[in-house]
Amino acid sequence: MTGTAPEKTPARGSESGDAAAQGDVLTVEALRKTYPLPGGGRLTAADGIGFRVPRGGSVGIVGESGSGKTTVARMLVGLVRPDSGTIAVAGRVREHRPPRGRAARLARAREIQMVFQDPYVSLDPRLTSRQCLLTALRLHGATPSGAGERALRLLDQVGLGAREAEARPHGLSGGQRQRLAIARALAVDPRVLVLDEAVAALDVSIQAQILSLLDDIRRETGVALVFVSHDLAVVQHITDETLVMCKGEAVEQGPTPRVLTSPSSAYTRALLAAVPREGWDPAEAVRTAREE
């Protein structure tokens with residue numbers, strides 16, 4: 001993973017030989033996004049953000065609230081348009097503007113899928129779990145018989161049984177709804193799965209189950225994961241690489257074990273000092289943050 005842009009940026013819609021040679025599924029270079037402020041000027045939400053994720057790899061984007069990590073996640077899936085920079089999937093650079101035509105939009109959606117913190121708001125309350133998956137599968141061209149078989153396999157893959165298959169969102173637990181959201185994202189065989197605080201609202205035991213599920217899925221399917229979280233413990237258990245953001249900039253990035261045990265950035269050290277643990281002193285954590 002690298003935070004600097006390579007010497008040559010591939011033309012939009014072209015294949016990147018470097019990315020293909022390295023086996024990177026997702027290549028992000030120099031992403032920048034600003035927003036106008038009410039009193040004039042602009043707020044920089046992300047500036048110069050870059051990283052690479054190989055097939056089956058995982059990267060964590062961490063930082064406190066307002067650091068810009070969710071803005072980066074939303075740029076990846078196309079919910080926010082970058083001011084500049086490039087996002088390439090399997091070497092093909094994605095246009096910042098949404099493509100025209102139904103087929104082009106569906107093809108773009110199959111590249112990167114997103115799982116949100118609260119799956120309840122993104123699930124149709126009228127549809128059972130099975131119907132939810134069938135809708136996604138048919139939208140992307142699956143035949144009725146093929147969609148039925150695929151839906152059952154997806155439900156089994158995320159640990160949902162026959163009862164959950166016929167249940168609507170209100171009849172599922174928070175963990176089960178998140179499993180369904182993951183299954184729906186996987187239904188289109190995405191190259192990249194972006195998870196924005198996807199386990200933040202779950203109990204610790206359920207968090208562990210979802211993280212284990214995601215780890216199994218990436219190893220089985222080769223999908224690349226981008227995990228956005230404020231929880232360093234979560235990132236430690238699911239990511240190979242970590243990018244630490246502060247005020248829209250990447251202040252540190254590298255292998256997760258190194259970043260979380262021997263950080264070079266004062267900001268990362270302050271984040272780690274704020275994590276509760278045995279013998280943890282909140283006052284000392286505050287002092288460390290001020291000193292850094």
Side-chain angles (χ1 to χ4, degrees), residues 1 5 9-16 19 24-36 42-55 57-61 63 67-119 121-124 132 135-137 139-141 181-198 214 218 221 223-229 243 245 248 250:
M1 178 175 65
T9 300
R12 294 189 182 282
S14 67
E15 296 294 330
S16 168
D24 294 318
V25 172
L26 178 66
T27 306
V28 178
E29 299 173 355
L31 277 190
R32 177 177 172 82
K33 179 64 183 179
T34 63
Y35 295 99
R42 300 188 72 84
L43 169 68
T44 301
D47 189 16
I49 303 301
F51 56 90
R52 301 174 186 271
V53 191
R55 184 178 186 276
S58 60
V59 62
I61 304 177
S67 63
K69 58 187 186 295
T70 292
T71 295
V72 172
R74 294 174 72 84
M75 284 192 286
L76 294 179
V77 296
L79 294 176
V80 170
R81 185 183 301 172
D83 296 341
S84 58
T86 60
I87 300 166
V89 177
R92 183 169 293 277
V93 177
R94 288 159 65 91
E95 295 284 351
H96 293 333
R97 292 182 179 275
R100 295 183 178 181
R102 183 174 183 272
R105 290 196 301 271
L106 290 175
R108 180 183 173 94
R110 286 193 292 273
E111 292 180 341
I112 304 178
Q113 284 284 303
M114 189 168 185
V115 177
F116 297 91
Q117 178 176 349
D118 183 4
V121 299
S122 65
L123 296 173
D124 190 329
C132 172
T135 299
L137 289 163
L139 178 65
H140 286 269
I182 292 169
R184 183 179 60 181
L186 294 174
V188 300
D189 291 322
R191 299 286 193 111
V192 181
L193 188 60
V194 178
L195 303 112
D196 187 9
E197 301 283 9
L214 289 169
R218 72 169 174 128
T221 67
V223 65
L225 303 181
V226 177
F227 211 99
V228 177
S229 179
L243 182 152
M245 290 189 64

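As the structure is a computational prediction, the values presented were derived from the model and not from experiment.
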Where [X] and [Y] come nearest, the two heavy atoms and their spacing:
| X | Y | result |
| --- | --- | --- |
| Ala185 | Leu193 | CB-CD1, 3.5 Å |
| Ala46 | Val72 | CB-CG2, 4.1 Å |
| Ala73 | Val228 | CB-CG2, 3.8 Å |
| Ile49 | Gly248 | CD1-O, 3.8 Å |
| Arg55 | Thr221 | NH2-O, 3.3 Å |
| Leu243 | Gly50 | CD1-O, 4.0 Å |

Do [X] and [Y] have side-chain heavy atoms sitting under 4.5 Å apart?
| X | Y | value |
| --- | --- | --- |
| Asp118 | Phe116 | no |
| Pro119 | Arg184 | no |
| Arg52 | Glu29 | yes |
| Val223 | Gln113 | no |
| Met75 | Val80 | yes |
| Leu26 | Val59 | no |
| Ile112 | Val77 | yes |

Keeping the roles fixed (side chain from [X], backbone from [Y]), state whether a donor-acceptor pair exists under 3.5 Å.
| X | Y | answer |
| --- | --- | --- |
| Arg42 | Thr34 | yes |
| His96 | Gly85 | yes |
| Lys69 | Ile61 | no |
| Glu111 | Ala107 | no |

Value rounded to 0.5 Å, distance of [atom1] in [X] from [atom2] in [Y]:
| X | Y | atom1 | atom2 | answer |
| --- | --- | --- | --- | --- |
| Leu195 | Met114 | CG | CE | 8.5 Å |
| Gln117 | Ser229 | CD | OG | 9.5 Å |
| Arg94 | Thr27 | CZ | OG1 | 12.5 Å |
| Thr70 | Leu79 | OG1 | CG | 11.0 Å |
| Lys33 | Leu43 | NZ | CG | 11.0 Å |
| Asp83 | Asp47 | CG | CG | 9.5 Å |

**Request:** Show the numbers, then the answer: is there a side-chain contact (heavy atoms from CB on, under 4.5 Å) between Val192 and Val226?
**Result:** CA-CA 7 Å; Val192 181; Val226 177; 4.1 Å; yes

**Request:** Could you list all the side-chain hydrogen bond (donor to acceptor under 3.5 Å, both in side chains) pairs where at least one residue sits in residues 97-109, not counting sequence neighbours?
**Result:** none

